[in-house]
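This report refers to the structure that appears directly beneath it.
Whatever order the structure lists them in is the order used to number ligands and atoms, beginning at 1. As the structure is a computational prediction, the values presented were derived from the model and not from experiment.
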Amino acid sequence: MPRLVVVSNRVAPITEGEPTAGGLAAGVLDALKQKGGIWFGWSGEITEGEASPVHLERTVGSITLYTLDLSRRDYDAFYRGFANGTLWPTLHYQVGHAQFDWAEFDGYRRVNVLFARALARLVRPDDMIWAHDYHLLCLAEALREAGLGNRMGLFLHTPFPAPAVFMTNPAHEALIRAMCGFDLLGFQTEDDRTAFADYVVRQAGGSASDDGVIGAFGRTVKTGVYPIGVHVDEVRHEAEAPAHQRYASRLHDSLSGRPLILSVDRLDYSKGLRPRFIAFERFLERYPHHHGAVVFMQIAPPSRGDIETYREIRRALEAEAGRINGRFAEVDWMPLRYLNRGFARSALMPLYAEAQVGLVTPLRDGMNLVAKEYVAAQNPDNPGVLVLSQFAGAARELDAALIVNPYDETGVAAALDRALAMPRGERIERHTAMLATMRRNSLDAWRDRFVADLS
Ligand code: ADQ
């Protein structure tokens, strides 16, 4: 049986017998457990000299984890530079945050080649290679240059933007040409897939047929839509697990019966945290009957802290949180709780279950698993309400949420007021519809469909 070789920028820390993190890690791990195989990626370590050779990280059952360390120079150009300073903002339509430097693009390609050469020594001719995300757009091209003829697929976890946005990146053509080195390109939504096909047809003179097959740069590539999901029952189970209620019960006690609006994100400008804080302020201005009667909690651990834009957004949020609380707080009520830290998954799911409103308002998001986890964690007999950005991939499936435009702060404020007043019957109806969709598009379905199409 062909093995599966998974390649992602980072390999998730996994230990036998312990629950894994959400999303990518859980989905990938299930696939590897079924088929056996290799997971390869960067170790997270930086060496002061050259990149290290591949080393065996760990063997977990039938899965072998291999990693390599990056040199400082590669880390700066590839990871901090092109991947997170250029591609991430561009793919999320945030071109104002995107920098561009050809030397960083060279570094990005250099690391893709480094990965490819390392992989060439690990894979067998009939292995299937499944690459993940925007760090590895040039991997298949580099693998083919290294002489590999394996089946190769890429799943893009981020959005793929409209061609006019993608073309603000001066390396756009080289990137699309490289992406066409894969046999299968998977996207989160039909919007993303169509945007890619549009580029191929209108900018690259290629072809796109109704069944998703694309012809460009002398290659034929299948494209498909594979919305990533969650293990619905597992999330609910975790949300209720008696052993993990420590934080949830402290939170519950501190609320003294007040309803909770909850947001959980990595601290990233694409997640729309600042406009969300302003929308909450607008909500307090326009609906004063909620004063003293509701609490908004934002959980946002810092991410990518060595990139200046990320330090800026952190400073801006701290200032906004202080200003809003200073303006509205009472001696016995603090409207906004801002927690600059992460929680273990086992503690997070019970927190979702405490919240009457899940507020998920990214400016753009490939999918957004927090939205799905929030829905899955709810008590079906008395569920909370999801307020969801129209620009999250999840909005394509979860159309029974209260859908908002995150740029419309007044609209978000109105949705919060509506969510807090929503009768139980309507909440159950919306929740039931979302849960049914999420069961259809589960994490298992995501993985099985991608792997089946790749093979
Ligand atoms: P992310 O941008 O990281 O992922 P998201 O999908 O919301 O965004 O979160 C991934 C996981 O991280 C979730 O399982 C969530 O529980 C966890 N997480 C998020 N914030 C956390 C916090 N503050 N504390 C603890 N855990 C937290 C990228 C894309 C998304 C896409 C996923 C998967 O940007 O659009 O949904 O990959 O494809």
Counting each atom of ligand 1 from 1 as listed, which ones have a heavy atom of Val370 under 4.0 Å away?
7 (O), 15 (C), 19 (C)
Just by distance, no angles: are the side chains of Asp453 and Tyr226 close enough, under 3.5 Å, to form a donor-acceptor pair?
yes
Give me each pair satisfying salt bridge (charged side-chain N to carboxylate O under 4.0 Å, His left out) with a member in residues 245-256, each pair once, sequence neighbours excluded.
none
Keeping Asp183 on the side-chain end and Met152 on the backbone end, is there a donor-acceptor pair under 3.5 Å?
yes
Heavy-atom pairs closer than 4.0 Å: do any link ligand 1 to the side chain of Asn368, the backbone, both, or neither?
both
Sub-4.0 Å atoms of ligand 1 with respect to non-hydrogen atoms of Gln188
31 (C), 38 (O)
Note: ligand 1 atoms sitting under 4.0 Å from heavy atoms of Arg345 are 14 (O)
May I ask you to list the atoms of ligand 1 that are less than 4.0 angstrom from any heavy atom of Pro301?
22 (C), 23 (N)
Not counting sequence neighbours, which residues clear ring-ring contact (aromatic ring centres under 6.0 Å, His included) with Phe78? List them please.
Tyr108
Side chain or backbone, does Gly366 bring an N or O within less than 3.5 Å of an N or O on ligand 1?
yes
Subset of ligand 1 atoms that lie under 4.0 Å from at least one heavy atom of Val264:
20 (N), 21 (C), 22 (C), 23 (N)
Only heavy atoms of Phe343, strictly under 4.0 Å: list the atoms of ligand 1 that pass.
24 (N), 25 (C)
Verify the neighbour count for atom NE2 of His172: are there more than 12 heavy atoms of other residues, nucleotides or ligands below 6.0 Å?
yes
Tested for side chain to side chain contact (heavy atoms under 4.5 Å, CB included) against Val6, the lone hit among Leu29, Val28, Val11 is Val28
Does an N or O anywhere in Leu369 fall below 3.5 Å from an N or O of ligand 1?
yes
Please say whether Trp88 places an N or O atom under 3.5 Å from an N or O atom belonging to ligand 1.
no
Within the structure, does Lys271 bring an N/O atom to less than 3.5 angstrom of an N/O atom in ligand 1?
yes
Numbered in order shown, the ligand 1 atoms found under 4.0 Å of a heavy atom of Ile299 are 23 (N)
Residue of the set Tyr134, Tyr93, Phe166 for which ring-ring contact (aromatic ring centres under 6.0 Å, His included) holds with Phe160:
Phe166
Met367 versus ligand 1: do any nitrogen or oxygen atoms come within less than 3.5 Å of each other?
yes
Kindly confirm or rule out an N or O of Arg341 lying under 3.5 angstrom from an N or O of ligand 1.
no
Below 4.5 Å, heavy atoms only, C-beta onward: do Phe296 and Phe283 meet side chain to side chain?
no
So the atoms of ligand 1 within less than 4.0 Å of a heavy atom of Gly342 turn out to be 24 (N)
What do we get for Leu348 next to ligand 1 when only non-hydrogen atoms under 4.0 Å count, side chain, backbone, both or neither?
side chain
Mind running side chain to side chain contact (heavy atoms under 4.5 Å, CB included) on Leu119 and Leu139 for me, showing each step along the way?
CA-CA 10 Å; Leu119 275 167; Leu139 186 73; 4.1 Å; yes
Would you confirm whether Arg266, through its side chain, and Arg304, through its main-chain N or O, come within 3.5 Å as a donor-acceptor pair?
no
Does atom CD of Glu429 have more than 12 heavy-atom neighbours, drawn from other residues, nucleotides or ligands, at distances under 6.0 Å?
no
Which bit of Arg266 gets closer than 4.0 Å to ligand 1, counting heavy atoms only: side chain, backbone, both or neither?
both
